[in-house]
Undergrad: 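Dropping the structure in here first, questions after.
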Amino acid sequence: MTEEKAERPSGIVSDLFAGAGMGLLLGVLVGLSSSPVVGVVVGALASVLAVFLGLDAASGTLGGAFRVNGARIGSLGVATVIGLGIGLYARVNNPFASPPAAQLERWADALPEDPTLAKQMMVFERTGIAPSRFQYGDAPAAGDIDVAPQEGAATRQAVLFSTLGEFDACRRLDPSRFATTKDVLAAYMRQGAPGALPIFAERIAAYPTADRAVAVTLAHELLCILQREDGG
């Protein structure tokens, strides 16, 4: 009995370490990801792990009774909440990135003759969002500089691109919700839209003005079909 009591504090520390370590891992992963699918999957895994981490053999035999280990299950829950906060903070604030002023200064040193391009490159490096037309020096832009997510932006951000279902393209891009065809095409270029939508907008914008309304209607019907096939 004395020997069992002497070993118990060490066992509690081990239980706390196991639960807290797994809880922090799960919480940070969920916090860093913006995809609801990842949250559901990791949440299910956390539930399974909570069961296993919360069980402890009451005896050293293989068929011994099991009892709930409060230290492990409690530390898992608390550490998961803490890890979730850490992950959300890191995803929103990106503390490991250089400050915007430092990034702009670096690009200004690299492109001293073209401060406009340096600013655009700083925004692209920081957010992964590139202007549809880069502007060089004092040359006037061809039009409004729209931005759209690029395919390679996922490597610079901690967020995942949404699918048609997650974006709800069928409802959000319904032509009846917009006053003009131009407004519909602007919605196709919206930040956070799936990568295929800006391509749709570019193709439709290349059509004659009189044909764009029909093209937008056909594109919307096609997007609704693809969204249903994608499970959305």
Side-chain angles (χ1 to χ4, degrees), residues 20-21 23-39 41-42 79-164 166-169 172-173 178 180 182-206:
L24 284 174
L25 174 62
L26 293 174
V28 170
L29 286 178
V30 174
L32 286 176
S33 175
S34 64
S35 172
V37 177
V38 175
V41 173
V42 175
T80 300
V81 174
I82 296 174
L84 180 62
I86 295 173
L88 288 173
Y89 177 84
R91 177 157 62 90
V92 173
N93 297 280
N94 197 6
F96 299 105
S98 301
Q103 287 181 299
L104 180 59
E105 182 179 0
R106 179 160 51 83
W107 279 108
D109 292 339
L111 301 167
E113 74 288 349
D114 204 334
T116 301
L117 181 59
K119 294 177 182 178
Q120 290 181 318
M121 292 302 298
M122 185 275 289
V123 173
F124 174 68
E125 180 185 29
R126 187 168 188 83
T127 66
I129 300 175
S132 56
R133 292 175 298 275
F134 277 101
Q135 183 176 351
Y136 298 89
D138 297 329
D144 295 336
I145 300 180
D146 301 322
V147 297
Q150 304 298 305
E151 294 182 359
T155 59
R156 303 178 184 87
Q157 297 175 325
V159 298
L160 305 176
F161 286 110
S162 60
T163 63
L164 290 175
E166 293 171 352
F167 185 73
D168 197 4
R172 296 174 65 176
L173 300 179
F178 299 90
T180 64
K182 183 179 179 181
D183 294 335
V184 180
L185 296 181
Y188 275 62
M189 304 293 289
R190 184 178 303 165
Q191 179 180 354
L197 294 185
I199 300 176
F200 274 62
E202 292 176 2
R203 298 291 189 273
I204 295 173

Undergrad: To the closest 0.5 Å, what do you measure between CZ (R172) and CZ (F178)?
TA: 9.0 Å
Undergrad: Judged by modelled atom types alone, do Q120 and W107 share a side-chain donor-acceptor pair under 3.5 Å?
TA: no
Undergrad: Which residue in the set L88, T80, I82 passes side chain to side chain contact (heavy atoms under 4.5 Å, CB included) when paired with L84?
TA: L88
Undergrad: Minimum heavy-atom separation for G31 to R91, with atom names?
TA: O-NE, 2.8 Å
Undergrad: Go through the steps for L197 and L173 under the test side-chain contact (heavy atoms from CB on, under 4.5 Å), then give the verdict.
TA: CA-CA 10 Å; L197 294 185; L173 300 179; 3.7 Å; yes
Undergrad: Could you report the tightest heavy-atom contact between A20 and A79, atom names first, then the distance?
TA: O-CB, 3.3 Å
Undergrad: Which heavy atom of M122 sits nearest a heavy atom of L104, and at what distance?
TA: CG-N, 3.6 Å
Undergrad: Hey, what do you get for CD (Q103) to NZ (K119), rounding to the nearest 0.5 Å?
TA: 15.0 Å
